[in-house]
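First comes the structure, then the notes that go with it.
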Number of protein chains: 2
Amino acid sequence: MQKTAQKTGYHHGDLREQLIATTRDLVEERGPDVFSVSEACRRAGVSTAAPYKHFEDREDLLRAVALQGFAEMTERFHAAVVPHTPGTLEAIAAVGRAYVAFAEDNPGLFKMMFATPKDHPATEEAGHGCYGVVLDQIARYLGHAEVDDAVMEAGFPLWTFVHGLSFLRIDGKAEFAKMRVSVEDVIQGATARLLPPRKG
Amino acid sequence: MQKTAQKTGYHHGDLREQLIATTRDLVEERGPDVFSVSEACRRAGVSTAAPYKHFEDREDLLRAVALQGFAEMTERFHAAVVPHTPGTLEAIAAVGRAYVAFAEDNPGLFKMMFATPKDHPATEEAGHGCYGVVLDQIARYLGHAEVDDAVMEAGFPLWTFVHGLSFLRIDGKAEFAKMRVSVEDVIQGATARLLPPRKG
DNA sequence: ATCGAGATGTTAGAGCCTCTAACTAAGTTA
DNA sequence: TAACTTAGTTAGAGGCTCTAACATCTCGAT
């Protein structure tokens with residue numbers, strides 16, 4: 001199951017990618033804040049100084065992992081939309097479900113993606129690209145040709161909702177709240193309620 | 001502005017409380033993850049070993065700070081309800097506003113309160129007490145005598161919403177979304193939309 | 001072919017951090 | 001006031017991030 005080149009004795013082959021993968025695993029296992037570069041090195045079988053040839057510092061490595069997370073999330077969003085008619089409530093709710101599902105599947109990564117001390121340009125752009133998928137759907141839903149201020153405003157409460165739901169699910173608060181309905185239904189309901197009435 | 005006893009030469013007076021206060025400041029200044037016990041000690045003017053007479057470990061100290069946060073939040077909730085007729089939409093929305101306001105006033109603390117690796121019984125109880133304030137209002141709103149499952153279910157989407165909004169505000173995403181309406185109005189609107197219709 | 005540059009490893013170590021052990025001073029109580 | 005408890009201290013082990021200096025490999029130009 002090696003996805004990257006093997007160590008050739010001295011040089012590793014593709015340490016950068018493997019460090020990202022290992023870090024991602026560790027962030028998931030141990031939690032984002034407890035992650036240590038040293039442990040990632042031990043797992044990758046390199047010295048603790050090696051990562052600094054590929055990443056500026058610990059922060060930079062974590063950022064690369066977060067970036068990968070955003071890319072994956074964006075892909076998932078696109079996949080979620082496909083089965084639905086563009087610009088429908090169903091399409092929009094599907095993205096919401098994909099959002100929460102991603103968070104539940106990658107709790108550590110998800111928290112890390114939003115625990116960024118200060119957003120780097122690249123991370124920010126990745127986030128925007130991700131958000132753009134929903135905004136496109138909402139623009140269509142509202143019958144707007146492009147993502148204007150009204151679309152962003154309509155999207156924000158939805159983002160708010162799924163973002164909050166993700167955190168509460170990750171932290172196990174949803175069980176505490178004794179929900180009898182599924183996450184899917186909660187999202188469907190909230191989407192319908194929080195979106196402004198459709199034009200036409 | 002000393003709230004605690006002074007150092008009497010050898011003994012401190014009230015190191016435990018001062019460490020909690022200092023830690024809270026640091027968490028706010030530096031961010032929750034970058035906090036170090038050592039720095040808190042430097043500020044409090046004690047050796048780096050001193051805290052371990054009062055707290056099991058770093059985690060335990062942070063937990064004490066989080067506990068204080070929950071207590072403060074609960075107080076704020078109570079204060080928010082006072083000006084309103086109990087069991088009205090306004091009372092419920094007021095708690096929502098207090099939630100987000102607390103998060104904005106104490107972003108580091110707020111994040112820490114919910115970034116708990118594993119919830120300790122005491123923290124959990126404090127959280128429940130906090131949540132109970134809204135649930136009481138919702139129970140009255142729905143005309144239920146006590147906080148039953150239906151009440152919890154009705155409350156969950158609201159919690160979800162203000163929780164998400166808090167994070168997005170703290171992380172500066174709300175500005176990005178170009179909201180033209182105030183946080184207050186967003187909460188008011190979401191509360192009205194997300195609550196089930198009132199009985200009677 | 002080989003030589004030199006650049007990329008990517010290594011070891012050593014400085015300077016942080018958390019937490020423990022052993023000691024000491026101050027308060028408390030019989 | 002002696003004995004016990006509480007709350008400080010210093011010293012240090014072991015882990016972490018990151019740098020400096022050195023070593024090895026890759027590769028393009030000659």
Side-chain angles (χ1 to χ4, degrees), chain A residues 2-23 25-27 29-66 108 112 115-118 120, chain B residues 2-23 25-27 29-66 108 112 115-118 120:
Chain A
Q2 325 268 129
K3 57 172 70 164
T4 59
Q6 265 306 73
K7 194 157 175 161
T8 67
Y10 197 94
H11 282 107
H12 181 283
D14 197 2
L15 182 56
R16 188 187 152 88
E17 285 311 310
Q18 187 178 330
L19 277 175
I20 292 176
T22 304
T23 298
D25 289 347
L26 278 171
V27 160
E29 283 173 35
R30 303 258 197 277
D33 32 322
V34 204
F35 157 78
S36 92
V37 177
S38 299
E39 190 163 8
C41 289
R42 252 171 270 137
R43 287 219 184 162
V46 295
S47 72
T48 60
Y52 298 93
K53 299 292 176 182
H54 298 275
F55 303 96
E56 262 196 21
D57 52 19
R58 181 194 138 104
E59 197 64 32
D60 191 33
L61 168 54
L62 286 170
R63 200 157 39 223
V65 175
M112 207 201 59
T116 327
K118 58 187 95 174
H120 218 250
Chain B
Q2 325 267 129
K3 57 171 69 163
T4 58
Q6 264 308 73
K7 194 156 176 165
T8 67
Y10 197 94
H11 282 107
H12 181 281
D14 196 3
L15 183 57
R16 189 187 151 88
E17 285 311 310
Q18 187 177 330
L19 277 176
I20 291 176
T22 305
T23 297
D25 289 347
L26 278 172
V27 160
E29 283 174 36
R30 303 258 198 276
D33 32 325
V34 204
F35 158 78
S36 93
V37 177
S38 300
E39 191 164 8
C41 290
R42 252 172 269 136
R43 287 218 184 162
V46 296
S47 73
T48 60
Y52 299 93
K53 298 293 174 182
H54 298 276
F55 304 96
E56 263 196 20
D57 52 18
R58 181 194 137 104
E59 197 64 32
D60 191 34
L61 168 55
L62 286 171
R63 200 156 39 223
V65 175
M112 208 199 60
T116 326
K118 59 187 95 176
H120 218 250

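Order of the sequence lines fixes the chain letters, A, B, ..., with proteins taken first and strands second; residue numbering starts at 1 for each chain.
Distances from the side chain of A/Ser36 to the nucleotides D/dA20, D/dT10, D/dC16 place D/dC16 closest. Of the candidates D/dT9, C/dA12, C/dT18, the closest approach to any side-chain atom of B/Tyr52 belongs to C/dT18. In this structure, of C/dT8, D/dT10, D/dC18, it is D/dT10 that holds the atom nearest to the side chain of B/Ser47. The side chain of B/Asp57 approaches C/dC19 more closely than any other nucleotide in the set C/dC19, D/dG8, C/dC17. Distance from the side chain of B/Ala50 is smallest for D/dG8 among the nucleotides C/dT10, D/dC16, D/dG8. Comparing atom distances between the B/Thr48 side chain and each of C/dG9, C/dC19, D/dT9 picks out C/dC19 as nearest.
Across the protein-nucleic acid pair, A/Phe55 atom CZ and D/dT17 atom P stand 14 Å apart, rounded to whole Å. Atom CG of B/Leu15 is separated from atom P of D/dT9 by 8 Å (rounded to the nearest Å). Taking atom CG on A/Leu62 and atom P on D/dC16, their separation rounds to 15 Å, with Å as the unit. Atom-to-atom, CG of A/Asp33 to P of D/dG15 comes out at 20 Å; the value is rounded to the nearest Å. Atom CZ in B/Arg58 sits roughly 13 Å away from atom C1' in C/dC16 (whole-Å rounding). Atom P of nucleotide C/dG9 and atom CG of A/Asp14 are separated by 9 Å, given to the nearest angstrom. The interatomic distance linking B/Asp60 (CG) with C/dT18 (P) rounds to 14 Å, in whole Å. Following rounding to the nearest Å, B/Lys53 (NZ) and D/dT5 (C1') show an atom-to-atom distance of 11 Å.
A salt bridge does not link B/Arg63 to B/Glu56: none of the charged side-chain nitrogens sits closer than 4.0 Å to a carboxylate oxygen.
Scored by the salt bridge (Lys or Arg N to Asp or Glu O under 4.0 Å) test, A/Glu39 finds A/Arg30 as partners (sequence neighbours excluded).
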| request: Take A/Leu61 and A/Phe35, measure what side chain to side chain contact (heavy atoms under 4.5 Å, CB included) needs, and give me the verdict at the end. | output: CA-CA 11 Å; A/Leu61 168 54; A/Phe35 157 78; 3.9 Å; yes
| request: With side chain to side chain contact (heavy atoms under 4.5 Å, CB included) as the test, would you mind laying out the steps for B/Thr48 and B/Val37 before giving the verdict? | output: CA-CA 7 Å; B/Thr48 60; B/Val37 177; over 6 Å; no
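At the heavy-atom level, B/Arg16 lies nowhere under 4.0 Å from the strands shown.
Here A/His54 does not reach the OP1 or OP2 of C/dA7: none of its side-chain N or O atoms lies under 4.0 Å away. Between B/Arg42 and the phosphate of C/dC17, there is a side-chain N or O to OP1/OP2 separation shorter than 4.0 Å.
Looking at which nucleotide of DNA chain D each of B/Ala49 and A/Glu56 is closest to, the 5′-most match is held by B/Ala49.
Considering CG of A/Asp25 and CZ of A/Arg43, their distance stands at 6.5 Å, rounded to 0.5 Å.
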